[in-house]
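Beneath this line is the structure, given in structure tokens, with notes to follow.
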Amino acid sequence: MMSGLSGPMAANRPQLDRIRGVEGLNAELCFSCRKCSAGCPVADDMDLAPHQLVRLAVAGPEGEALRSSGIWLCTSCQTCTTRCPNGVDVAGVIDALKQRAVASGVKPRDGRMLAFHRAFLDDVKARGRVHEMSLTARYALRARRVPEGILLGIGMFQKGKLPLIPPKKTATRELRRLFERGKGK
Amino acid sequence: MAEATGSTLLNEQPAASAGPHSKVGAVLVAGGGVSGIQASLDLAAMGFKVYLVEESPSIGGRMAQLDKTFPTNDCSMCILSPKLIDCARNPNIEIITRARVDEVRGQAGNFTAVLLKKPRFVNAEKCTGCGICQEKCPWKADSEFDCGLGKRKAIYTPFSQAVPNVPVIDPERCAYFLKGTCRACEKFCERGAIDFSQTEEKVEVQVGAIILAPGYEPFDAAKKPEYGYGRYRNVLTGLQFERILSAAGPTGGEVVRPSDGRPARKIAWIQCVGSRDAAHGRNYCSAVCCMYAAKHVTMAREHDEGVQATVFHNDVRSYGKGFEQYYRQVSHMPGVRYIRSIVSTIKELPGTQGLLIRYWGEDNKAHEEEFDLVVLSVGMEPGPGSLELAEKLGVEVDANGFCRTSPSSPVSTSRPGIFVAGVFAGPADIPQSVTMASGAASLAAQLLADARGGLTTTKEYPPEKDVSGERPRIGVFICRCGTNIGRVVDVPSLADYARTLPNVVHAEENLFTCSIDTSRRIIEAIEQQGINRVVVAACTPRTHEPLFRDTIRQAGLNPTLFEMANIREQCSWVHMHEQEVATRKAAELVSMAVARARLGRQALHFSLPVNRSALVLGGGMAGMTAALSLAEQGFPVHIAEKSDQLGGIANRLRYSLDGEDVSAQVKALVARVESHPLITVHRNAEVREARGHVGNFSTVIAGRGDGQERNIEHGVIIVASGANEGQPSGYPYGADERVLTLLELEDEIASGGAHLARARNVVFIQCAGSRSDDRPYCSRTCCRQTVKLALRLKELNPEIDVHVFYRDMMTYGLSEESYRLARERGVRFHRYRPEAPPQASVDAGSQALLVTGEDCDLGRVAEVKADILALAAPTIPNEDNARLSSMLKVPLDSDGFFLEAHMKLRPVDFPRDGVFLCGLAHGPKSLDEALAQAQAAASRAASVLAQEALEALGTVAEVQRRKCTGCGLCQAVCPFDAITIDEEAKVAVVNGVVCKGCGACAAACWPGAIDILGMSNEQVLAAITAL
Amino acid sequence: MTVRVLSYYPGCSLHGMSREYDESTRLVYRALGIELRELANWTCCGASAGHSLDQELAIALATRNLELAAAAGNELVAPCAACYQRLKIGEKESASPVTVLHALDVISSPETLDRLRESLQRPLSGLKIVLYYGCLLVRPPEVTGREDYEDPQSMDQVMAAVGADIRPWSFKTDCCGAGLAVARPDVVRRLSSHLAEMARQAGADCIVTACPLCQANLDTRQDKGGLPVLYFTELLACALGLEGTESWWRRHMVDPVPVLKKAGVI
Amino acid sequence: MEEKHAQSVEEKPAQWEPRIVAFLCNWCSYAGADLAGTSRLQYPPNTRTIRVPCAGRVNPLFIIRALMHGADGVLVSGCHPGDCHYLEGNYLARRRFALLKSLLEYLGIEEGRVQFAWVSASEGGKFAQVVTEVTESVRKLGPAQRLVRAREQEVAS
């Protein structure tokens, strides 16, 4: 029963900048009915289930949530948000946790998804549009591993599904400005 | 049929008889469910004319659709149906079905209500309820009563016990209305009762007050599309499942799947569908679903022991009387699982049409399971009709559409003279609805006290003939009931046969014995042929006996000189293909009835003068409210208060959940009670002795200080002796001044105590003594109290940290809103399991008060340093209850609170007539609930006090002193305390007013000294011998 | 005859691994008299990486494309469910004057359905299908504005109009996990295989999708394999008897040709 | 029975048919029997109902007297536990019935001739089923003669 997390939490340790208060996410309204976790396609693969992430986001310790690999597994399918009886934007809370983890430099227990997202944005920034082959290569570099799907990729390549030649770069200068503006915050 | 007189009476009513400023002694009750029915019966008993207006074709409401009721598992129809018949029979209740209130003019005391009455297309005066029209009608429609699971015809009676028992034509489905042809019903109706020419009528009634009881609509489950209701045939709503369980329902009570009719063995319930769902605009708890699901589980398993039941839930709200025990029992049954996880979606599996459910388990993993059937525990909401009604009447509703009331006057609407009862005032179960109904009736009666009796009628009868010395002369009337009986039973030869029976001087057959012309013939026959006993062989006495008894009474015969033989429901209809055998059976049934009639004796009419004053035990809020309500109706009241102060436990409350000032409310009520000329308050008073019976009690009270005794004579007793806050155990309560009970914290907050100023962290622990093995009930108010106090703390200091350790948050009904608000304000809730309650300890070094408790949702332990620890101490029964219980001869429940006569339908009565109950003496409840209950108790008490004398007749026990040995066996088995033993004469003495004629005594008495008049041993034996 | 002109946002996938979706969409739209004008200089919508790492950047990436569309002055259609949802969020957040549509929305409008029925050459009555909408096309309903988000109907209407044998199944909007495809193929394989298995149990010959990510994911990651995954536009092209479909089939990992032939679609 | 049956009503069937007296409580079982009627359920015509206010009203004497006067079986039916209109009459009846059973056993009355059932007002189907079962079980046992003979002997002496 007491699985997932263990060890005591000091509930009145002061919390810095909790997710509660982020407008529109309504995390504090959660009453732990677990509907989000029951409907989440990947909850079983997460170290912390969505309802636990929401709870940690509200009451802390938030660090626990930021370190979670669960947040990086979220597929953003919005099932939780759509069906929450309290109108908690669960997926939004998880996004906020991911953004906060990145901003505060917290390293997730499993860095693969973060590496992928970074590789993706790298490719967008560099080319304007994503080129699958180049994305895969960037991911391999970032994650320092050969992607598990490499054999599949070869198959797809052979079928003519994956174009080798990248599309021409589009609006990259403009995009760089967008990226920098984001960073400035 | 009550409706028969409907329109004529309405039209005859002299609208001008009451001047614009004088009060009208009539009340309109809008809604014919159990609330409306209870309010009507109470008002009629208190001396008011009632118009009971119902939109559907029959009264009965939602309760009629239920199979059983929790927590007693009573058959819903069995306990409701007698009330339906009582309404129909009451000369002062006019049932107006298919009607709604269109407009209300005037003001409190004198309203003119305009009703729109839809046509029934069946003449109620001619209809005998034979049902041939429904049988012959070729057009079908989904049955509303069976929630679309079964079919009905275009002409139909919604259910077999419907009142009035007159079918209605649905013009939306009737071929005559749609295409201009058919008229099959008209062709086959032998009474010519079908009347296609009826049109909508506008009817005006003058009333002094209005009670709104329009009930609820179940939440439309299709609005939660993730559950596939409407798409998947094996997903049902709770109300549909009631119909499945009902033996009279579409599956005959078999728990089968609609998709293939196969037994449903694995069934899941999903809770909170349309409740506690702010995202769907339903920010309230529907208050009944947790318990009805537990009931469904019990019933499904009773139908089929192999049923495996899984309930997917959030908090289990077992807050009511007997609920926690019921829930515990159900959740521990073999094959039953309670899983705390609301289901996200249901998938229908191709092929099997099984339903796949994924849930989050206590093991912190997702699980998938297939079920045969899923029941959605849908919540309740005010229907569109209720909202329209409120708008037309100018009555305010809240954001959810429920009628706006206030905690200090829980059954009053925003418009004076208009009251509310039942679910329209907020989600409520049956007893709460019935309580509100009686409470609303009481307020209407208070308002109209001057006009009481002004519009009621009592039927006048000719003086009764004394036939005791006469030889029996029996008249037998045999009904053909059109062809219902005549087609199967050979009625002419049955009449011939009847003439051969001893003492039968007259026998005849009638086409319809219940028709008005036949009743004239019966009266003539009695007068012309000197008949002194009457037998009717026709349909069931359950519906028609009162009618025939009334008929012979009009001919001057005592009603007990009547007997009936049921040759329709229990003969011609069940042996339709065996005419000869059915005829022989009918003959024997007639012979038995004649044998009983031959020995029939006229019963005495008892009349017992009533002492029209009341004694209220307890001067708390409930007692004072009940007393004031009775005094306002003109009845003198004594209040006996144990302590030296009025107000009871409410003296320790400062404000309500809604922020109302309770102290001011208490003060105001005390002032009104103390200044009322009809109320006498006895402080420091203890009850020493209570004698007597309904109408005439005599009670001795003694001053606690001086011991001086005083005898009070009164007609009714209201027990309002309250309850106490118990001592929490297992925490350093009493040892550390930072540990308080909720009431102590409330006081602390109100008085701005020193503890509070320094407090940074406040911790609440729920169920500190409730829902335990030795106290297995929920104290009902603590969670609401906690939320109230937490919100107040946050209001005083938003920086304060508030933690609540709970098991299930019992913020039922509309208080769910406050629970949500508390979360929004940052109060932190941690759920713990009953087997691992939080611990509190004082650190030896720092003297810090440390609370550690589970947080089940995080799966870890929370540790809080508390400046204040507030414990939800249990509400415990008064130590005095056992003594009062034996003195008043009224029972206690297993928890030590007083036990009402019936948990559903008689929530403020005791089995013993003339004794009533309200407030915390009955069990834990909030102040507004106690106030509504106090009004209800006053209403029930007033229905006794409104009568100058109590009348009783007929089938009661009588003692043959010669045979009686005074052994007391009859006294022991009598459930109503109607029998006492005269110790001197050594004989049993029956109180004819209290006796209900159940016959338990007669069956127990071996010497045969005690017997039931009208159902005597001799009569039963004669009937047996006549076989 | 052109009846409607729309701006077109193909998104990265339709220029990459899902060119058959791009081609079939253009072909079918043209046949139905709808002109698609691809936005010049469109850039990536940011997909899930954008909002995972940087909320503002995610909005800015979507808004940039909406500004291009606003300049063009037409409604904007996106065939990729992920692009559609990101653009839709951008539309809401930036109060853009442009209406963002998914490729299905255009086809399922009553007028287009009529045209579809009129131009029907080869009814798909022999083809048993289940429809897979995926998650981003419908959720969250406040963004997509869809009322039937738990049991969407637009693709049902479209495929019913061309006579396909649509099998009831309850998995229309379950997530296939496409976003995790590169980094966590283990998770994705489980989700996709389950969907394929359920489709098989529902009696379907193939799964029909309206999203390049869903298609690629389901097509490439089935444990048992063998169930073709097609774009609705590919099937519409067949039903309308359009030329130029052959080259699409060999780009599918599960070869759809036997199934299509058996059903008389090609 | 006595010579009071007239014409067509009087003719008895050639074959023996069980005769069963049914004591039904007014509030539940009698209503259930009515419901069987309104639902047009068909059941064997062998029962003769005596309506009693409550199952608790049934005096054991009634049952013995019925068996003495030619009844081949007796059915007593009341409300389900907890449903009694008179609070606990049905429990009382059940206890009394248990006692009576041993008495009947002593008198040599076969088990199955006298039966007890719970039938609620909504159980029309169950009522029909109970009557059918009771009729069949009594039919199997054949005519009940023991108490009738006892009465005849008593009358003779």
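Letters A, B, ... are given to chains in the order of the sequence lines, protein chains preceding strands, and every chain is numbered from 1. Values reported hereafter were calculated over all heavy atoms of this structure, with side chains retained and with hydrogens, waters and symmetry mates removed.
A/Thr75 approaches C/Cys175 most closely through the heavy-atom pair OG1-SG, 3.3 Å. Between A/Phe120 and C/Cys44, the shortest heavy-atom distance links the atoms CE2-SG, 3.7 Å. In terms of heavy-atom proximity, A/Phe116 sits nearest to C/Ala183 at CB-CB, 4.1 Å. A pairwise comparison of heavy atoms in A/Thr82 and C/Pro140 identifies OG1-CA, 3.8 Å as the closest pair. A/Pro163 approaches C/Arg19 most closely through the heavy-atom pair CD-NH2, 3.9 Å.
For the atom pair CD (A/Glu174) and CZ (C/Arg64), the distance works out to 4.0 Å, reported to the nearest 0.5 Å. Atom CG in C/Leu57 sits 10.5 Å away from atom CD in A/Glu180 (nearest 0.5 Å). The OG atom of A/Ser76 sits 11.5 Å away from the CZ atom of C/Arg139 when rounded to the nearest 0.5 Å. Rounded to the nearest 0.5 angstrom, A/Lys125 NZ and C/Thr43 OG1 are separated by 14.5 Å. A distance of 12.0 Å separates OG1 of A/Thr170 from CG of C/Leu39, quoted to the nearest 0.5 Å. Between atom SG of residue C/Cys12 and atom CD of residue A/Glu132 there is a gap of 8.0 Å, rounded to the nearest 0.5 Å.
At a 4.5 Å heavy-atom cutoff, the contact between A/Arg118 and chain C is made by backbone and side-chain atoms alike. Proximity to chain A is absent for every atom of C/Arg189, based on heavy atoms less than 4.5 angstrom apart. A/Met156 touches chain C through backbone and side chain together, each having a heavy atom under 4.5 Å away. Proximity to chain A (any heavy atom under 4.5 Å) is restricted, for C/Pro185, to the side chain, taken from C-beta onward. Looking at A/Pro167, there are no atoms closer than 4.5 Å to chain C (heavy atoms on both sides), in backbone or side chain. With a 4.5 angstrom heavy-atom cutoff, C/Arg251 touches chain A via backbone and side-chain atoms both. With a threshold of 4.5 angstrom between heavy atoms, A/Asp45 approaches chain C through side-chain atoms but not through N, CA, C or O.
Per-residue counts of heavy-atom pairs under 4.5 Å with chain C were compared for A/Leu121, A/Asp44, A/Val124; the largest is that of A/Leu121. Your options are C/Arg221, C/Arg190, C/Glu142, and the one with the most heavy-atom pairs under 4.5 Å with chain A is C/Arg190. Considering only heavy-atom pairs separated by less than 4.5 Å from chain A, the leading option among C/Asn41, C/Thr173, C/Val138, C/Val143 is C/Asn41. Ranking A/Val102, A/Thr81, A/Leu175, A/Leu162 against chain C, the residue ahead of the rest is A/Leu175, based on heavy-atom pairs under 4.5 Å. Looking only at heavy-atom pairs under 4.5 Å with chain A, the residue among C/Gly179, C/Gly16, C/Cys135, C/Ala60 that has the most is C/Gly16.
The shortest side-chain heavy-atom distance between A/His117 and C/Ser52 falls under the 4.5 Å cut-off.
Counting non-hydrogen atoms of neighbouring residues, nucleotides and ligands closer than 6.0 angstrom, the CD atom of C/Glu147 reaches no more than 12 such neighbours.
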| query | Hey, mind stepping through A/Cys77 and C/Leu136 against side chain to side chain contact (heavy atoms under 4.5 Å, CB included) and telling me if it holds? | reply | CA-CA 6 Å; A/Cys77 75; C/Leu136 302 177; 5.5 Å; no

| message | Is there a salt bridge (charged side-chain N to carboxylate O under 4.0 Å, His left out) between C/Arg184 and A/Asp110? Walk through the geometry before answering. | response | CA-CA 11 Å; C/Arg184 293 299 302 272; A/Asp110 177 344; 3.7 Å; yes

| query | side chain to side chain contact (heavy atoms under 4.5 Å, CB included) between C/Leu53 and A/Leu114: does it pass, once the steps are laid out? | reply | CA-CA 8 Å; C/Leu53 302 187; A/Leu114 175 57; 3.7 Å; yes

| request: For the pair A/Val42 and C/Leu180, evaluate side chain to side chain contact (heavy atoms under 4.5 Å, CB included) and give the outcome as yes or no after the intermediate values. | output: CA-CA 10 Å; A/Val42 293; C/Leu180 306 178; 4.1 Å; yes

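Between the side chain of A/Lys161 and the backbone N or O of C/His252, no donor-acceptor pair lies under 3.5 Å.
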